[in-house]
Protein chains: 4
Amino acid sequence: MGIAERRQREKDARIKHIQNCAAAVFYKKGYGETTMDEIAKTAELSKAAIYLYFKSKEDLYYSIIEPALSRLARRLIRIASDRREPAEATVRKIISATNELYEKDYDAYHLLSRYSAAEYVKLLPKAKLEHLKELMRSNLRQMEAAVRKGIAQGIFEAVDARLISVILWNCFMGVIQYQENRMEPGKTDYRKKTIDATVELILKGLRKL
Amino acid sequence: MGIAERRQREKDARIKHIQNCAAAVFYKKGYGETTMDEIAKTAELSKAAIYLYFKSKEDLYYSIIEPALSRLARRLIRIASDRREPAEATVRKIISATNELYEKDYDAYHLLSRYSAAEYVKLLPKAKLEHLKELMRSNLRQMEAAVRKGIAQGIFEAVDARLISVILWNCFMGVIQYQENRMEPGKTDYRKKTIDATVELILKGLRKL
Amino acid sequence: MGIAERRQREKDARIKHIQNCAAAVFYKKGYGETTMDEIAKTAELSKAAIYLYFKSKEDLYYSIIEPALSRLARRLIRIASDRREPAEATVRKIISATNELYEKDYDAYHLLSRYSAAEYVKLLPKAKLEHLKELMRSNLRQMEAAVRKGIAQGIFEAVDARLISVILWNCFMGVIQYQENRMEPGKTDYRKKTIDATVELILKGLRKL
Amino acid sequence: MGIAERRQREKDARIKHIQNCAAAVFYKKGYGETTMDEIAKTAELSKAAIYLYFKSKEDLYYSIIEPALSRLARRLIRIASDRREPAEATVRKIISATNELYEKDYDAYHLLSRYSAAEYVKLLPKAKLEHLKELMRSNLRQMEAAVRKGIAQGIFEAVDARLISVILWNCFMGVIQYQENRMEPGKTDYRKKTIDATVELILKGLRKL
DNA sequence: AATGAATGAGATTTCATTCAT
DNA sequence: AATGAATGAAATCTCATTCAT
């Protein structure tokens with residue numbers, strides 16, 4: 001069995017390798033500007049080899065996005081399910097978990113931070129698109145639940161929970177985008193620090209005085 | 001001279017028309033996925049006609065982005081230059097001015113809200129890219145100045161002004177992105193309300209207690 | 001209107017030109033072996049130009065086959081509808097009409113004579129394939145009707161009309177195939193003569209003694 | 001020696017197996033549309049394994065066609081060489097022998113019935129193509145000889161022997177094509193019955209009254 | 001000023017064939 | 001003997017751009 005297992009491991013590794021290379025290029029250029037040629041070159045494989053593992057450019061793209069987003073969604077659901085934990089801790093955990101994707105699944109995370117439903121409309125088949133959207137909505141719902149919990153716990157002011165969750169989520173994504181795209185390369189990555197500061201700022205704004 | 005003037009006005013109108021149509025498509029699909037064919041069809045003109053007014057796809061794109069961003073930058077500089085105005089008012093004005101672009105220059109605004117330096121690297125010639133980046137940086141500096149002023153005025157806590165300006169800016173952009181891309185179509189546009197709520201939340205977080 | 005009309009005429013001519021060139025290549029090589037490049041070269045156009053008029057290789061192919069077959073089907077229906085004409089004359093007319101396609105629509109005819117449902121299964125969308133098949137079946141039905149009429153008229157022996165119509169049709173197609181494919185090039189084209197002789201032979205075999 | 005022999009037998013069996021599978025696919029799809037992948041999958045072997053036994057796609061194809069056609073040619077020569085046998089019997093035997101290929105070498109037969117010189121021109125090297133053509137011509141000559149014999153025997157009318165042999169051959173091939181390609185799947189295979197009826201019809205037409 | 005027609009360059013995808021194991 | 005992996009070459013198709021009218 002050793003051989004078959006090793007084969008499978010190697011295959012998995014190659015798939016992961018291609019996905020990593022592809023994600024890097026997709027991220028740098030955007031889907032439309034990315035060519036299979038460049039992905040192949042980055043992965044040091046022939047174009048045809050890519051097609052051994054993914055049946056189309058779109059398939060490759062989706063194979064990067066979906067699992068990462070799916071994993072995150074599951075994780076957030078678990079985090080938000082703790083009804084007793086103080087709301088502030090839950091909010092921080094949600095943000096942390098999302099941010100952790102960064103270290104573990106750097107490339108998928110990158111793509112996610114660039115997620116733009118409009119662009120995908122023409123790109124992905126309807127079912128896949130809807131699936132991604134549902135995952136995004138689920139993430140938002142977990143944040144909303146956390147804010148609602150905070151109000152119920154008497155910690156937060158009686159704000160519009162949905163609105164606040166959108167704000168939190170957007171601030172988070174905004175920071176990522178900003179740090180990734182707008183800053184000069186070479187500069188220190190302030191992401192973690194900026195995100196933490198943002199969260200604390202907003203939590204402070206939410207607290208009952 | 002009346003005739004020449006009318007001609008010029010008509011020409012300007014046609015240029016604006018093309019830009020509006022193009023911006024709508026660029027926004028919906030992203031630069032790479034947008035075809036000149038679709039722009040032409042949207043503008044109800046022939047492709048060749050577009051080329052009478054813009055010398056390339058990139059040129060057309062830039063002609064939409066740059067003036068809007070440039071105008072905004074000038075406006076923010078003027079707003080931030082008032083050294084005496086209370087900082088909170090200045091922050092609100094900066095955000096408002098940015099948001100107002102929305103009503104006046106809907107499509108350019110859209111494109112701006114999607115601004116992604118990385119994508120532009122391959123798209124725009126270096127000089128143009130640098131120009132856009134400088135405009136963005138300028139906008140950020142105005143916000144930074146406003147926060148710094150608030151600290152000087154003793155209104156805000158002694159926070160990292162740069163960090164806070166980044167946060168504010170990102171939250172703003174994040175909200176826009178979210179509202180544009182992630183929500184189901186048909187839903188009410190919560191943008192203004194969300195942005196205002198975000199700003200107030202953050203201002204509250206900034207205030208000395 | 002002169003200009004618009006001329007334009008349309010020219011466009012029609014170009015479409016016909018492309019179809020003719022394509023049919024010649026399709027015929028010579030078969031669908032699979034034919035490349036758009038070769039069609040373009042034959043038509044003295046760029047590949048892209050072909051795609052201005054036909055949206056895919058398959059579309060181009062179908063646009064050649066279908067109208068010719070459709071026209072023939074209509075014609076055979078008209079011929080077979082004469083209930084009083086002696087059956088032998090009807091049979092001869094059906095064969096003649098089919099053969100005449102040769103002179104008028106040389107290339108489409110060629111493709112038809114090569115028609116092979118099996119090959120098309122993967123090629124054409126189901127609806128188109130079914131349409132072609134129905135046309136073929138219609139043609140066969142007309143021949144069957146003619147044979148049946150001959151029996152009713154007491155001219156032909158009481159044979160299996162369907163079987164005989166299949167035979168007649170096959171002989172006809174067989175002769176075409178043979179003459180087209182199996183003979184050395186440069187040899188005289190015996191098609192017409194061979195077909196006529198075949199029909200007479202079979203009619204003689206059918207007649208009541 | 002037993003071992004070596006068994007090895008050889010096994011090898012032959014594997015070769016035959018591949019040929020059978022390949023022939024089925026070639027027949028269903030045509031040469032151009034057939035992929036080595038599909039052949040391999042049908043044969044439940046790896047693509048590379050196919051190349052252990054055949055040095056190219058074309059080689060595999062030819063290896064199916066040629067022996068079958070060659071065997072048939074030899075058989076028809078033998079059949080036609082009987083100068084004394086009544087011509088009608090000889091004609092029937094020729095047709096039968098050809099038809100028998102069906103049961104014994106189903107797949108090669110299929111391919112033969114689709115034989116199209118034009119397609120092969122680009123496919124096969126000149127020598128191989130010429131060889132196939134010569135085999136086909138030989139078969140035709142045997143039929144021609146049989147018809148000529150019938151005239152000499154005073155059984156047939158003084159027809160153009162070559163023409164009639166072409167007709168007979170074509171009818172035969174036409175019936176096969178028809179039955180294979182044009183009929184709805186699932187229907188009874190009328191081939192044998194149709195062919196016999198065709199031959200009898202033509203013989204009747206040939207006979208002196 | 002405007003357009004229909006055309007195209008070169010390049011994109012995605014396929015496939016016969018080879019090679020290391 | 002057999003195979004999984006890999007690839008070069010070529011196929012279909014797209015698109016920004018130009019040109020004749």
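Proteins come first, then strands; the chains are lettered A, B, ... in the order of their sequence lines, and each starts at number 1.
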Novice: Considering only E/dA16, E/dT7, E/dA2, which nucleotide approaches the side chain of C/Ser46 most closely?
Specialist: E/dT7

Novice: Expressed as a whole number of angstroms, how long is the span from D/Asp59:CG to E/dT18:P?
Specialist: 12 Å

Novice: Of the options F/dC15, F/dA6, E/dT13, whose atoms approach the side-chain atoms of B/Thr35 most closely?
Specialist: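 My answer, after comparing the listed nucleotides, is F/dC15.
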
Novice: Any salt bridge linking B/Lys126 with B/Glu130? Criterion: basic side-chain nitrogen under 4.0 Å from a carboxylate oxygen.
Specialist: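 Salt bridge: no.
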
Novice: Drop me the distance from D/Leu52's CG to D/Ile15's CD1, to the nearest 0.5 angstrom.
Specialist: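 CD1 of D/Ile15 is found 10.5 Å from CG of D/Leu52.
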
Novice: Can you figure out which of E/dA2, E/dT17, E/dA5 approaches the side chain of B/Leu52 most closely?
Specialist: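 For B/Leu52, the side-chain atoms sit closest to E/dA2.
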
Novice: Under a 4.5 Å cut-off applied to non-hydrogen side-chain atoms, are A/Phe26 and A/Ile39 in contact?
Specialist: yes

Novice: So which one's nearest nucleotide on DNA chain E is more toward 5', A/Asp37 or D/Tyr51?
Specialist: A/Asp37

Novice: What is the distance from CD of A/Glu44 to P of F/dA5, rounded to the nearest Å?
Specialist: 19 Å

Novice: Please convert DNA chain E into dot-bracket. A pair counts if it is Watson-Crick or G-U wobble with both distances under 3.5 Å; crossing pairs go in [ ] and bases paired with another strand get |.
Specialist: .||||||||||||||||||||

Novice: Measure the distance from CE on A/Met36 to P on F/dT7 and round it to the nearest whole Å.
Specialist: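 For the pair A/Met36 CE and F/dT7 P, the rounded distance is 14 Å.
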
Novice: Going by an N to O cut-off under 4.0 Å, is there a salt bridge joining B/Glu38 and B/Lys47?
Specialist: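 No, no charged N to carboxylate O under 4.0 Å.
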
Novice: Show your working on salt bridge (Lys or Arg N to Asp or Glu O under 4.0 Å) between B/Glu66 and B/Lys128 and close with a plain yes or no.
Specialist: CA-CA 9 Å; B/Glu66 198 282 337; B/Lys128 288 182 176 176; over 6 Å; no

Novice: Strictly below 4.0 Å: does C/Arg14 bring a side-chain N or O up to OP1 or OP2 of E/dA6?
Specialist: yes

Novice: Please determine, for the side chain of B/Leu45, which listed nucleotide (F/dT12, E/dT3, E/dA6) has the closest atom?
Specialist: E/dT3

Novice: Which nucleotide wins on minimum distance to the side chain of A/Lys57, given the candidates E/dA2, F/dT7, E/dT12?
Specialist: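 Taking heavy atoms from C-beta onward, the closest nucleotide is E/dT12.
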
Novice: Please determine if a side-chain N or O atom of A/Tyr53 lies less than 4.0 Å away from the OP1 or OP2 oxygen of F/dA6.
Specialist: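 Affirmative; the distance criterion is met.
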
Novice: Does any N or O donor sit under 3.5 Å from an N or O acceptor when you compare the side chain of D/Lys47 with the base of E/dT17?
Specialist: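 Per atom types, the contact qualifies.
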
Novice: Looking at side-chain heavy atoms only, is the closest gap between A/Tyr31 and A/Lys57 below 4.5 Å?
Specialist: yes

Novice: If the cut-off is 4.0 Å, is A/Arg7 near the phosphate of E/dT21, judged by side-chain N/O to OP1 or OP2?
Specialist: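 No, no such contact exists.
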
